[in-house]
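Note that the coordinates shown come from a computational prediction; the quantities given were computed from them, not determined experimentally. Proteins get letters first, then strands, A, B, ... in listed order; numbering begins at 1 in each.
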Amino acid sequence: MSHLLPQSFYARDALTVAEELLGQHIHAGDVVLRITEVEAYRHPGDSASHCRMGRTPRNAPMWGPPGHAYVYLCYGIHNLLNFVTDREGEGAAVLIRSCEPVRGLPTVLARRRGPNAPVLLTGPGKVTTALAVDLTFTGRPLFVPGPLEVHEGEAPSRIARGPRVGVGYAELEHQRAPWRLAIADCPWVSQRATLVPDGERAARQLSRAARAGGRSARPARG
DNA sequence: ACAAGGATCCTCT
DNA sequence: GAGGATCCTTGTT
């Protein structure tokens with residue numbers, strides 16, 4: 001028996017919700033996926049967010065009450081799944097980027113085209129394909145019984161952070177913000193090279209300084 | 001009404 | 001590592 005996350009879970013800052021979404025389970029029909037990688041799109045003033053231009057018909061769910069899905073079409077091809085956070089009237093959400101299969105693997109494989117193996121669920125377009133989530137899911141609540149639910153899963157032992165992917169159009173500050181979060185040392189994560197596990201940033205700076213012969217280490221990035 | 005470009009994925013070199 | 005697929009949203013004329 002698993003437990004639906006309440007709407008209050010989502011009624012917080014997107015970065016906090018993103019962190020706590022890692023390890024939780026998405027239920028859609030017979031498929032259950034464990035969330036392994038997310039990105040926070042924050043309110044206010046996040047120039048990488050779809051809400052950067054204010055309220056529009058497409059991003060309306062992001063401004064609505066928390067705990068609802070926001071699904072949009074990316075590059076004319078992929079449906080990307082977000083969970084709305086913060087309060088009604090604030091445009092913020094968490095993008096679900098990667099998952100680990102928990103149940104319904106045959107269904108997931110049947111929905112998939114292309115190679116399987118480690119890239120099966122690493123990337124936001126693949127997650128929606130596996131869940132059969134499309135644009136009709138936008139605005140739907142996640143905290144009541146229905147076709148798309150989020151349940152309590154297993155919290156990760158360690159988290160890694162890095163810059164968000166594909167936001168080159170944003171201001172530098174928001175390109176670099178470490179608002180992509182993933183379960184550390186988890187194979188079900190995309191673009192792992194740019195992620196740093198919590199607690200290792202200081203260690204990396206030290207070793208970099210050592211390699212540079214103790215001379216001027218460059219200032220930390222981000 | 002028009003043009004531009006995108007929170008990606010896959011294939012091929 | 002580069003490019004094409006593919007179409008909707010958005011801002012501009």
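- Here the P atom of nucleotide dA7(B) and the CE atom of Met62(A) are 11 Å apart, to the nearest Å.
- Counting any heavy atom pair closer than 4.0 Å across all strands shown, Arg164(A) reaches no nucleic acid atom.
- In the region residues 44-52 of chain A, proximity to DNA chain B at under 4.0 angstrom, judged on heavy atoms, holds for Ala48(A), His50(A).
- Stacking of Tyr41(A) onto the six-membered ring of dA7(B) is present: less than 5.5 angstrom between centres, less than 30° between planes.
- Side-chain contact, Arg97(A) with Thr36(A): no donor N or O sits under 3.5 Å from an acceptor N or O.
- Looking at heavy-atom distances under 4.0 Å, Ile77(A) makes contact with a base.
- Rounded to an integer number of Å, the gap from Leu73(A) CG to dT8(B) C1' is 10 Å.
- Using a cut-off of 4.0 Å between Lys/Arg side-chain N and Asp/Glu carboxylate O, Arg161(A) and Glu19(A) are scored as salt-bridged.
- Relative to the six-membered ring of Phe9(A), Arg12(A) meets both conditions, a distance below 6.0 Å and an angle of at most 45° to the axis.
- Place Met53(A) and Tyr75(A) on DNA chain C by their nearest nucleotides, and Tyr75(A) ends up nearer the 5' end.
- Within 6.0 Å of CZ on Arg158(A) lie more than 12 heavy atoms contributed by other residues, nucleotides or ligands.
- Here Leu95(A) lies in heavy-atom contact (under 4.0 Å) with a base.
- With the 3.5 Å cutoff on both pairing distances, Watson-Crick and G-U pairs in DNA chain B assemble into runs of at least 3 at B:1-6 with C:7-12, B:8-12 with C:1-5.
- Using modelled atom types, one finds a donor on one side chain and an acceptor on the other under 3.5 Å when comparing Glu154(A) with His25(A).
- Residue His78(A) places its side chain closer to dC9(B) than to any other of dA7(B), dC10(B), dC9(B).
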